[in-house]
Visitor: 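If you scroll down you'll find the structure; I have some questions about it.
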Amino acid sequence: MSESLTLTEDSRVRLLNAIASASLLWAVLAAIVLGSGLILAAGLNPVDAYRRIFEGAFGGLYQLSVTVRFFIPLCLAGLAVAIPHRCGLFNIGGEGQLILGAVAATYVALFVPAPAYLHIPLALLAAGAAGAVWAAIPALMLAYRNVNEVLSTVMMNFVAAFIVQYLVRSVWRSSDAMFPVTADFPDTAQFATFGATMAWHTGLYVTLLALVAAMLVVSKSSFGFSMRILASGAQVARNIGIPIRQTIVIAMLTGGVFAGLAGATEVMGVQHNLSPQFSPGYGFTAVMIAMLSAGSPLRVCAIAFLFAALRNGVSFMQRTEGVPSAIGQVIIALVVIFFAVETAHRYFVNRVRAR
Amino acid sequence: MTALTRPRSYGNEEDAIAMIDRHGKGNVPPASPEPRDELIAVRGVSKSFGALKALNDVDLTLRAGEVHCLLGENGAGKSTLMGTIFGIHRPDAGEIRIRGSRAALKSPRDAIDARIGMVHQQFMLVPTLSVAENIILGEIGLFQAARNPARVSRLEGLVREYGFDVRLDTKVGALSLGQRQQVEILKLLYRNSEALILDEPTSVLTPAEVDKLFITLRTLVARGMGIILITHKLHEALSFGDRVTVMRAGKVVATGVTAELTRPQLLDWMFGQSTGAQSAAGVLPTAALGAPESGLSIDDVSVAADAGNTVVRSVNLRVRSGEIVGIAGVSGNGQREFAEAIAGVRPLSAGSIRLRGNRVDGLRPRALRELGLVYVPEERSAGLAHDVSIGENLTIADYHHRRFTRLGVLRHKVLREFSRGLAERFNLPIERLAKSVRVLSGGNQQRVILGRALAHDPACIIASQATIGLDLATSVYVHETLRASARAGGSVLYISTDVDELIGLADRIAVMFEGRIAGVVERSDFDKNTIGYLMAGGQSAT
């Protein structure tokens with residue numbers, strides 16, 4: 001089909017891109033409208049409910065700090081999916097890599113005595129390495145045995161979930177807790193909050209550093225360019241000699257590092273211990289974030305912030321208005337579905353036109 | 001393969017034309033004497049995809065009781081035509097009549113209801129289900145038992161009647177490709193199809209399975225079915241078909257009765273007055289040739305296809321410095337794998353390759369480029385990264401080089417200068433280098449690929465079908481560029497299915513047939529008949 005395109009269609013391509021960027025906005029609007037119906041059906045006032053979401057997310061410094069607290073792991077986990085997606089890979093295993101990162105950080109925090117200035121860096125290093133190892137297994141299977149990475153990364157999530165269950169319920173379980181949970185981390189292995197009563201913490205630096213690193217990799221590095229070429233098609237990559245296996249493995253490992261760091265920020269900045277359910281599925285939300293952001297780290301950042309705000313605002317709405325949080329979750333899901341429908345629709349229309 | 005005495009001159013052509021209904025020469029498509037015999041009649045069908053005219057005023061008639069071979073090169077429009085008959089594409093103009101009445105096929109479902117069946121190149125079977133389950137898959141409801149005795153006994157009857165060697169309870173995944181094809185045909189018989197379309201059915205078969213397929217098809221047409229068999233292999237068209245229709249560039253060139261056709265005639269129809277190759281044949285005083293080992297030496301090279309079967313067998317070839325060697329052959333005779341093997345994209349299974357005396361087999365494309373061996377693949381889409389810009393596409397083979405990457409960081413400025421320089425040299429629109437490569441015309445896309453390949457004045461160029469689909473001006477430009485490279489001391493290996501193009505471009509032509517070099521023809525002996533004869537599997541006189 002590319003042969004039939006001429007230069008005059010350049011403007012049309014640009015128009016399509018513009019529509020694509022706007023479609024997230026439309027998806028949010030459509031979700032708000034449909035969500036209103038649900039809230040009405042629950043016997044509540046949608047305008048109030050939405051105002052509460054906004055207040056909950058941004059209504060004050062404390063509220064904002066809670067939004068940022070969710071943003072920290074969500075942005076990192078979003079990058080963990082978005083970077084492999086740059087070369088056409090689907091890393092659905094962000095959750096597992098995140099869990100393993102948290103496990104490694106916990107190990108360093110609890111069992112590796114280190115001076116204050118080294119403890120956090122060591123824990124982060126361990127977390128990133130653990131995430132990378134967890135991503136390396138599916139990456140190598142894909143590169144050398146052509147095992148579909150979607151399936152293998154999903155499976156690795158389950159293994160990770162049971163590893164953390166095992167550790168927290170038996171070997172690492174704190175004896176003086178009623179629930180399965182480890183002992184609290186020493187202060188040297190905790191991210192301090194900005195302000196005593198606030199929820200945001202210095203793990204934010206990790207996220208921002210990772211964001212800058214991801215942007216540099218994507219736009220400035222030769223590796224980022226290799227990923228883009230590979231995403232254009234394996235055939236051309238093969239013909240011009242892009243090291244395909246190497247690119248696949250490094251892309252997945254980079255994703256694994258980001259996911260591992262996400263796990264570390266959550267346990268070191270928020271929980272200060274490790275429990276089996278410390279992650280409310282950040283790794284899965286990350287898949288949505290990455291898909292909506294089309295591989296651009298800056299958009300990952302923006303959309304992760306949107307999701308963090310929605311999550312925080314929705315739980316605020318539940319506490320103040322009594323709107324069940326399930327409805328809030330539905331609204332978040334609707335955003336994703338509308339966006340996906342819009343994307344699929346455009347794809348379908350293009351295909352029909354080609355007939 | 002039936003014996004063909006000698007390539008004949010074209011003296012008999014006129015007689016042959018008189019016997020066939022040649023299209024577009026005022027000969028009205030004959031109103032069939034018994035219209036009820038006409039299973040499918042395609043009349044004046046055209047179909048475009050964007051600016052590409054895939055079908056142009058095409059006529060085709062399938063009669064009951066015949067195997068009708070549809071012959072043509074890749075891209076001639078065969079698959080589009082079949083897609084149109086099978087309801088996958090809707091024609092822009094013209095009509096399709098089925099058993100005399102006009103049919104509006106909106107989907108394959110409509111075609112199946114009209115008793116048309118198609119066996120695709122990729123089989124549409126579920127490997128984890130049994131043969132019987134695969135066949136009745138479409139017609140059972142959600143909660144019905146698959147093992148309905150009436151259905152099964154009807155299937156068993158069909159298997160016996162036509163002598164298929166498949167067991168109904170075997171899982172399809174355990175069957176050979178030949179047996180799977182039988183299951184596909186069985187499926188169509190079970191659905192009472194009267195017209196069968198087989199898309200390149202022999203491409204997956206062993207010779208023995210081909211013979212078996214032949215017998216099956218004969219049995220089917222003896223019972224009044226009609227079969228359209230798509231192929232790009234001449235000998236198949238001649239051995240399988242009752243009639244042959246040749247397509248080229250979206251048009252039907254001619255239809256003839258197989259018994260009255262010869263290979264040279266079919267070759268002429270297939271490759272006839274080809275486009276893009278009329279450039280300056282024979283005017284070039286070729287550059288001084290280097291010593292035999294000065295360029296590319298290919299010794300005893302064998303190559304396997306993706307499926308593991310050997311498709312290039314012990315090929316020996318020299319491409320001297322300053323020389324353009326053409327590889328002719330009907331597509332699918334191993335040319336693609338051969339080119340990929342030399343280009344370092346596909347491993348050799350035996351043999352060695354030397355460039356200017358140094359072993360280069362086993363090296364990857366980046367290392368080969370360093371040594372001066374570059375590759376222009378057959379499809380433009382395989383030579384361009386569609387998600388990166390025009391300018392970046394000029395750099396995708398070089399960006400990793402120390403000149404462009406320091407400590408893993410791209411030097412965008414140097415890269416931009418490099419692509420600007422190439423764009424100037426190869427007449428690309430410099431002001432548009434930041435735009436997507438998708439917006440370029442085919443000709444400009446090919447300039448991008450060539451520009452990238454020739455950026456460092458390579459010692460050896462492997463190029464395949466580099467002018468396909470291009471207008472004359474760009475084709476001439478491509479040829480001139482390759483000639484200039486040879487004049488400057490490069491070796492060029494140019495693979496094409498278009499004999500006229502090769503005659504206009506090459507210094508020598510090697511003909512590939514079934515993975516071997518069937519013969520090498522020197523420029524002084526260039527003759528379409530000789531080359532065509534070798535392409536069709538004839539033996540070289542020497």
Side-chain angles (χ1 to χ4, degrees), chain A residues 1-17 20 85-88 146 212-213 215-247 250-251 254 294-296 350-355, chain B residues 47-52 88-90 340 343-346 363-369 374-377 379-388 392-393 395-401 404-412 415 429 432 435-445 452 469-470:
Chain A
M1 66 158 262
S2 45
E3 276 166 45
S4 63
L5 287 175
T6 56
L7 282 168
T8 52
E9 306 211 0
D10 190 32
S11 53
R12 217 191 79 191
V13 172
R14 218 178 313 144
L15 182 70
L16 278 176
N17 284 341
H85 194 55
R86 292 287 296 188
C87 62
N146 206 20
V212 171
M215 284 164 63
L216 289 177
V217 165
V218 163
S219 65
K220 297 269 185 249
S221 77
S222 71
F223 172 69
F225 194 40
S226 303
M227 287 201 291
R228 277 174 65 204
I229 296 168
L230 184 53
S232 293
Q235 196 65 43
V236 58
R238 211 167 72 113
N239 281 336
I240 60 165
I242 304 280
I244 295 179
R245 286 175 172 168
Q246 192 187 324
T247 308
I250 296 180
T254 312
S296 141
N350 285 343
R351 290 221 1 179
V352 169
R353 270 200 213 113
R355 277 182 61 157
Chain B
K47 174 73 188 173
S48 296
F49 298 102
L52 178 77
I88 297 168
H89 307 298
R90 268 170 252 176
E340 287 186 346
V345 178
R346 181 181 287 280
L363 296 183
R364 311 288 303 145
R366 281 183 175 180
L368 288 171
R369 185 177 176 85
V374 296
Y375 175 43
V376 176
E379 291 138 17
R380 275 191 286 284
S381 63
L384 291 173
H386 286 282
D387 295 343
V388 309
E392 287 171 324
N393 258 290
T395 70
I396 59 176
D398 287 309
Y399 69 96
H400 61 284
H401 206 271
F404 303 113
T405 298
R406 286 273 163 83
L407 299 168
V409 180
L410 287 177
R411 302 169 74 193
H412 283 295
L415 280 166
R432 297 197 173 105
K435 299 258 156 67
S436 159
V437 76
R438 290 173 198 271
V439 304
L440 286 180
S441 67
N444 274 336
Q445 290 189 347
R452 187 175 70 221
L470 298 186

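Naming convention: chains lettered A, B, ... in sequence-line order (proteins, then strands); numbering from 1 in each chain.
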Visitor: With side chains defined as the heavy atoms from C-beta onward, is the minimum distance between F225(A) and T405(B) less than 4.5 Å?
Guide: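 No - every pair of side-chain heavy atoms lies 4.5 Å or more apart.
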Visitor: I396(B) and I242(A): which non-hydrogen atoms are nearest, and at how many Å?
Guide: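 Nearest pair, atom of I396(B) first, then I242(A): O-CD1, 4.4 Å.
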Visitor: For the atom pair OG1 (T395(B)) and CD1 (I240(A)), what is the distance rounded to the nearest 0.5 Å?
Guide: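 Between atom OG1 of T395(B) and atom CD1 of I240(A) there are 8.5 Å.
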Visitor: Within this structure, what is the CG-OG distance for the pair L407(B) and S222(A), rounded to the nearest 0.5 Å?
Guide: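 Answer for the CG-OG pair, L407(B) versus S222(A), is 10.5 Å.
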Visitor: With sequence neighbours excluded, give me every side chain to side chain donor-acceptor pair (under 3.5 Å) pair touching residues 223-237 of chain A.
Guide: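 Output for this query lists S226(A)-Y399(B), R228(A)-E392(B).
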Visitor: Backbone N or O of G241(A) within a donor-acceptor pair of the R366(B) side chain at under 3.5 Å?
Guide: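 At least one qualifying donor-acceptor pair exists.
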Visitor: Shorter than 4.5 Å, heavy atoms on both sides: which option in G233(A), G224(A), P243(A) has the most such pairs with chain B?
Guide: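 Most heavy-atom pairs within the cutoff with chain B belong to P243(A).
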Visitor: Contact part of L384(B) toward chain A, heavy-atom cut-off under 4.5 Å: side chain, backbone, both or neither?
Guide: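 Just the backbone, heavy atoms under 4.5 Å.
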Visitor: Find the distance between CZ (R346(B)) and CZ (R238(A)) and round it off to the nearest 0.5 Å.
Guide: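 Here the rounded value is 5.5 Å.
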Visitor: Could you tell me which non-hydrogen atom of N239(A) sits nearest to which non-hydrogen atom of P365(B), and how far apart they are?
Guide: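 Looks like O-CB, 3.8 Å.
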Visitor: Please name all residues satisfying salt bridge (Lys or Arg N to Asp or Glu O under 4.0 Å) with R86(A), sequence neighbours left out, ordered by chain then number.
Guide: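 R86(A) satisfies salt bridge (Lys or Arg N to Asp or Glu O under 4.0 Å) with no other residue.
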Visitor: Please classify the contact between R369(B) and chain A as side chain, backbone, both or neither, with a heavy-atom cut-off of under 4.5 Å.
Guide: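 Neither part, no heavy atoms under 4.5 Å.
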Visitor: Where on H400(B) is there a heavy atom nearer than 4.5 Å to chain A: the side chain, the backbone, both, or neither?
Guide: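 Neither part, no heavy atoms under 4.5 Å.
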Visitor: Go through the atoms of A382(B) and report whether side chain, backbone, both or neither lie under 4.5 Å from a heavy atom of chain A.
Guide: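 Both parts, backbone and side chain.
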